[in-house]
Protein chains: 2
Amino acid sequence: MSDVFKALADPTRRTILDELAERDSQTLFEICSRLAMRHGLTSSRQAISQHLDVLEVAGLVRTERRGRNKFHVLDTTPLRAIVERWPIHD
Amino acid sequence: MSDVFKALADPTRRTILDELAERDSQTLFEICSRLAMRHGLTSSRQAISQHLDVLEVAGLVRTERRGRNKFHVLDTTPLRAIVERWPIHD
DNA sequence: ACGTTATGCAAGCGGATTCTTGCGTGTCAA
DNA sequence: TTGACACGCAAGAATCCGCTTGCATAACGT
């Protein structure tokens, strides 16, 4: 549970989630280039790879290997616990 | 926006939000003693005071001074943006 | 088989965070 | 007015995070 909040605490990781929300099932290289093109991020491949590890441990990203590629898919179910923990009033 | 996630990244701060969700409008001393009694936390008064500052900057806690007391109330409206940013499927 | 491509692993550096420590300020009660 | 109480401020130490750097591994094309 703590992993989810720590994962969301970094702006680069939140942008990665945005990118995966737009286009699901991307490889690391796709994510790197699209982050640079569309979101103006200049992070290196290794940095983004480490961010994806954090997101995967938090359960916000699931992965699937095919050959030498690793595809990443968004999983927002851990976010449900946030809303259930502290009810939102109007 | 980033302040909200950073505030939620710390387990002590999340416990403070839990405590304020149970019993709203508490002073710093009330929060300190109830965190120790009911949640088993051993943080000092200054540490909790700094945590409350972080939560207030994030907009998750609002405060009101009366005399020498400062009352803290929970505000969950910043959490709405989280759910709206990445839609939750079933 | 060989080079290229996509990714993994791990040590180290710099900056941010958390907590402590000590003192300062304003408020209340007697 | 005096002392006790609730809280604020700020500097230092220890720890944590994100990033870089360099090398390693495995799959694909030719």
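The basis for the numbers below is simple: all heavy atoms, side chains too, and nothing from hydrogens, waters or symmetry mates.
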Taken to the nearest 0.5 Å, the spacing of A/Leu60 CG from A/Arg14 CZ works out to 12.0 Å
Between the CD atom in B/Glu64 and the OG1 atom in B/Thr27, the distance rounded to the nearest 0.5 Å is 13.0 Å
- Query: Going hydrophobic residue to hydrophobic residue with side-chain gaps under 4.5 angstrom, can you get from B/Leu8 over to B/Ile88?
  - Reply: yes
Which atom pairs, donor and acceptor, lie under 3.5 Å between side-chain atoms of residues 71-82 of chain B and protein residues at least two apart or in another chain?
residue	atom	partner	partner atom	Å
B/His72	ND1	B/Gln26	O	3.0
B/His72	ND1	B/Lys70	O	3.2
B/Asp75	OD1	B/Thr77	N	3.2
B/Asp75	OD1	B/Thr77	OG1	2.8
B/Asp75	OD2	B/Arg62	NE	3.4
B/Thr76	OG1	A/Pro87	O	3.2
B/Arg80	NH2	A/His89	O	3.0

Rounded to the nearest 0.5 Å, the CD1 atom of B/Ile31 sits from the OG1 atom of B/Thr15 at a distance of 12.0 Å
Side chains of A/Val61 and A/Ile16 in contact at under 4.5 Å (non-hydrogen atoms)
no
Solution key, residues 41-56 of chain A side-chain donor-acceptor pairs under 3.5 Å, sequence neighbours excluded:
residue	atom	partner	partner atom	Å
A/Ser44	OG	A/Ala47	N	3.2
A/His51	ND1	A/Arg13	NH1	3.1
A/Glu56	OE2	A/Thr63	OG1	2.8

In short, the helix from C/dA1-D/dT30 to C/dA30-D/dT1 is bent end to end, axes from five pairs each side, to 10°, by 30°
### Query
Do the non-hydrogen side-chain atoms of A/Arg85 and B/Leu17 ever get within less than 4.5 Å of each other?
no
Next on the checklist: Whether A/His51 contacts D/dC19 is assessed here as follows: a side-chain N or O lying under 4.0 Å from the phosphate OP1 or OP2. Is that the case?
Outcome noted: yes
Taken to the nearest whole Å, NZ/A/Lys70 to C1'/D/dA26 is 14 Å
One should read off an interatomic distance between B/Ser2 OG and A/Asp10 CG, to the nearest 0.5 angstrom, of 8.0 Å
- Task: Mind checking A/Arg65 for me? I need base, sugar-phosphate or nothing, with any heavy atom below 4.0 Å counting as a touch.
- Result: sugar-phosphate
So OG of B/Ser33 and CZ of B/Arg38: to nearest 0.5 Å the spacing works out to 10.5 Å
Residue pair B/Thr12/A/Asn69 against DNA chain C: nearer the 5' end by closest nucleotide is A/Asn69
Single-linkage hydrophobic cluster A/Val83~B/Met1, side-chain heavy atoms < 4.5 angstrom: yes
note: B/Gln50, atom CD; D/dA11, atom P; distance rounded to Å ~ 13 Å
Exercise. Can you tell if the side chain of B/His39 reaches within under 4.5 Å of the side chain of B/Arg34, non-hydrogen atoms only?
Worked result: no
Taken to the nearest whole Å, CZ/A/Arg68 to P/D/dA27 is 11 Å
Would you indicate what A/Arg13 reaches in the nucleic acid, counting non-hydrogen atoms under 4.0 angstrom: base, sugar-phosphate, or nothing? sugar-phosphate
Sorted by number, residues from residues 38-49 of chain A placing a heavy atom under 4.0 Å from DNA chain D are A/Ser44, A/Gln46, A/Ala47
Nt span of DNA chain C in reach of chain B heavy atoms at under 4.0 Å, 5' end first, is C/dT17 to C/dC28
Sorted by number, residues from residues 21-28 of chain B placing a heavy atom under 4.0 Å from DNA chain D are B/Thr27, B/Leu28
Here the distance between atom C1' of D/dC5 and atom CD of B/Glu30, to the nearest Å, is 14 Å
Checklist entry - Is B/Phe29 close to B/Asn69 at the side-chain level, that is, under 4.5 Å between some pair of heavy atoms? => result no
Smallest heavy-atom separation, B/Trp86 atom then A/Ala21 atom, equals CD1-CB, 4.3 Å
Atom CG of A/Asp53 and atom P of D/dC17 are separated, to the nearest Å, by 15 Å
